[in-house]
Structure formats: C-alpha cells, structure tokens
Asker: 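Sharing a structure with you now.
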Amino acid sequence: MAKKDVSLSVIRRLPRYFRLLASLKKSGIVRISSNEFSEKLGLSASQVRQDLNYFGGFGQQGYGYNVNNLYVEIGNILSVNSGMKTVLIGAGNLGRSIIKNLDSHSKNLELIGIFDKNTALVGEMISDLVVRNAQDLDDFCKEHRPLVAIVCIPNDNTKEVFSILAKNGVKGFWNFTDYNPKDDFPDVVVENVHLTDSMMTMCYRINNETDIR
Ligand code: NAI
C-alpha cells in the first residue's frame with residue numbers, strides 16, 4: 001500500500017501506467033517484460049521498477065509483470081473504484097464535459113451534487129442529477145458531506161465558494177479556476193488543472209525542438 005514519502009512525481013506517473021495497462025488488458029496481453037513495459041512508457045526500466053517498489057514491487061525476475069495483477073494493484077493505489085462523494089460547481093460548458101467524462105471513464109468519484117448560481121439552469125437534469133442553486137451548497141454539504149469538489153466557475157467570487165466547501169470538510173479540489181485554495185486553506189488537497197499549460201508546453205517544445213517524452 002501507499003507510503004507517505006512517495007513523491008508527487010512518482011504519483012503523477014501512476015495514471016500513465018494504469019492507462020497503458022488498461023490498453024494492454026484490452027488487447028488481451030497477459031504478461032509483459034519490464035523492459036517492454038517501460039519502453040512503451042518512454043521511461044527506463046529502473047525508473048519504473050523504482051516507482052513500483054514504493055508500493056511493493058509487483059514484478060518477478062525473469063517474468064516481468066502480470067498485466068491484470070498490476071492493473072488491479074495500481075488501480076487500488078489510485079482509488080479507481082472508491083467512488084468518493086463529489087460535488088461539481090459550475091454547470092457550464094466545462095462542467096458538463098467533465099460530468100460526461102466522469103460518467104463514462106471513472107469510478108474514482110461519485111458525483112452527488114451539481115450547483116450553479118444561474119437560476120435559469122437550476123432544476124435542469126444533467127446525467128440523472130438535478131442542477132441545484134449555488135445558494136444551497138452550504139446546507140447540502142452539511143447534510144451529505146462530500147469529500148471532493150470539482151470547481152469550474154469563472155475566477156470572480158471563487159474564494160467564497162471554496163470557503164464554503166473547505167469549511168464543510170471537503171478535502172480534495174479538482175480546481176479549474178485560477179484561484180489557489182491552498183493559499184487560504186492549507187490543509188486541503190488541490191489539483192490545479194489548466195489545459196492551456198500543456199498547450200503552451202507543446203508550443204515551447206515545437207520551437208525548441210525538444211523531444212522529451
Ligand atoms: P461557462 O460560462 O459555460 O460556465 C460557467 C458556469 O459557472 C455558469 O453556468 C455560471 O452560471 C456558473 N457560475 C459562475 N459563478 C458561480 C458560482 N459562484 N457558483 C456556482 N456557479 C457559478 O464557462 P465554462 O466554459 O464552463 O468555463 C468555466 C470557467 O472555467 C471559466 O472561467 C474558464 O476560464 C475556466 N476554464 C478553465 C479551464 C482550465 O483548463 N483550467 C478550461 C476551460 C475553462
């Protein structure tokens with residue numbers, strides 16, 4: 001199981017491992033050598049071995065990895081079936097595409113509430129959930145105790161929203177805004193997502209002919 005001293009860069013590589021294993025499984029591959037596995041990831045075999053050793057290893061000398069076992073183990077480490085109770089704030093374009101994606105690709109999170117301040121959207125059904133008035137967020141959190149919040153609203157008044165969530169015990173924020181809740185709520189876990197960051201990184205790499213994988 002996960003150890004406390006695992007670095008964030010190790011953790012960030014695990015979803016890549018998991019995605020590759022899912023695709024190998026889908027192709028009916030039962031076993032893969034550690035060299036082949038790491039090559040497909042564009043990493044060195046020792047890097048992969050080192051990463052997995054934090055959690056118990058999983059490979060066997062002369063055999064490599066059993067694809068299904070490793071898929072299950074990494075899935076457990078990443079809580080892929082944990083269904084953490086989640087609220088989503090901002091039922092706009094971004095919010096809707098996230099909901100659609102969660103529906104079809106992930107069981108990490110269980111969406112239990114969707115909130116928007118636009119009363120024209122309140123009452124609308126999205127993916128079997130009714131859009132609720134943002135004014136009811138505090139009461140809803142007190143009653144249902146979500147662990148995670150997905151925040152995809154414009155940058156104004158964001159602190160107020162995060163404050164309601166954090167004060168009600170929300171521990172993890174999948175944050176698409178520019179506001180960083182860590183500044184005001186140091187105990188929460190935040191994953192800031194900025195799609196344009198990777199686009200800019202790509203542009204830099206085009207212009208600088210870097211080929212890091
Ligand atoms: P949108 O305008 O379609 O939706 C935003 C929704 O948030 C609206 O329905 C609005 O009524 C609601 N809202 C605003 N303030 C609220 C509040 N205090 N409480 C509850 N609901 C509230 O905009 P879209 O395209 O969905 O984008 C949302 C935000 O996410 C934008 O500010 C945009 O800049 C940002 N964004 C970030 C990305 C990233 O990678 N970090 C990618 C795309 C958008």
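Counting convention: from 1, in listed order, for ligands and their atoms alike. Note that this is a predicted model, so its numbers are computed, not measured.
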Asker: Examine F115 together with F140 and report whether their ring centres are nearer than 6.0 Å.
Answerer: yes

Asker: Kindly confirm or rule out a cation-pi arrangement of R31 over Y63, judged by NZ or CZ under 6.0 Å from the six-membered ring centre and within 45° of its axis?
Answerer: yes

Asker: Output yes when R96 and E124 qualify as a salt bridge under the 4.0 Å nitrogen-oxygen rule, no when they do not.
Answerer: yes

Asker: What closest approach, in Å, do C152 and I98 show between heavy atoms, and which atom pair accounts for it?
Answerer: SG-CD1, 4.2 Å

Asker: Return yes if some donor-acceptor pair links the side-chain N/O of N155 with the main-chain N/O of D178 below 3.5 Å, else return no.
Answerer: yes

Asker: Is S33 reaching over with its side chain to a backbone N or O of E36, donor-acceptor style, under 3.5 angstrom?
Answerer: yes

Asker: Starting from the N and O atoms of ligand 1, collect every protein N/O partner closer than 3.5 Å and put each pair on its own line with the distance to 0.1 Å.
Answerer:
{"from": "ligand 1", "atom 1": "3 (O)", "to": "N93", "atom 2": "N", "distance (Å)": "3.0"}
{"from": "ligand 1", "atom 1": "3 (O)", "to": "N93", "atom 2": "ND2", "distance (Å)": "3.2"}
{"from": "ligand 1", "atom 1": "9 (O)", "to": "D116", "atom 2": "OD1", "distance (Å)": "3.3"}
{"from": "ligand 1", "atom 1": "9 (O)", "to": "D116", "atom 2": "OD2", "distance (Å)": "2.6"}
{"from": "ligand 1", "atom 1": "11 (O)", "to": "D116", "atom 2": "OD1", "distance (Å)": "2.6"}
{"from": "ligand 1", "atom 1": "21 (N)", "to": "K117", "atom 2": "N", "distance (Å)": "3.2"}
{"from": "ligand 1", "atom 1": "26 (O)", "to": "N93", "atom 2": "N", "distance (Å)": "3.1"}
{"from": "ligand 1", "atom 1": "26 (O)", "to": "L94", "atom 2": "N", "distance (Å)": "2.8"}
{"from": "ligand 1", "atom 1": "40 (O)", "to": "L195", "atom 2": "N", "distance (Å)": "2.7"}
{"from": "ligand 1", "atom 1": "41 (N)", "to": "F176", "atom 2": "O", "distance (Å)": "3.0"}
{"from": "ligand 1", "atom 1": "41 (N)", "to": "V193", "atom 2": "O", "distance (Å)": "2.6"}

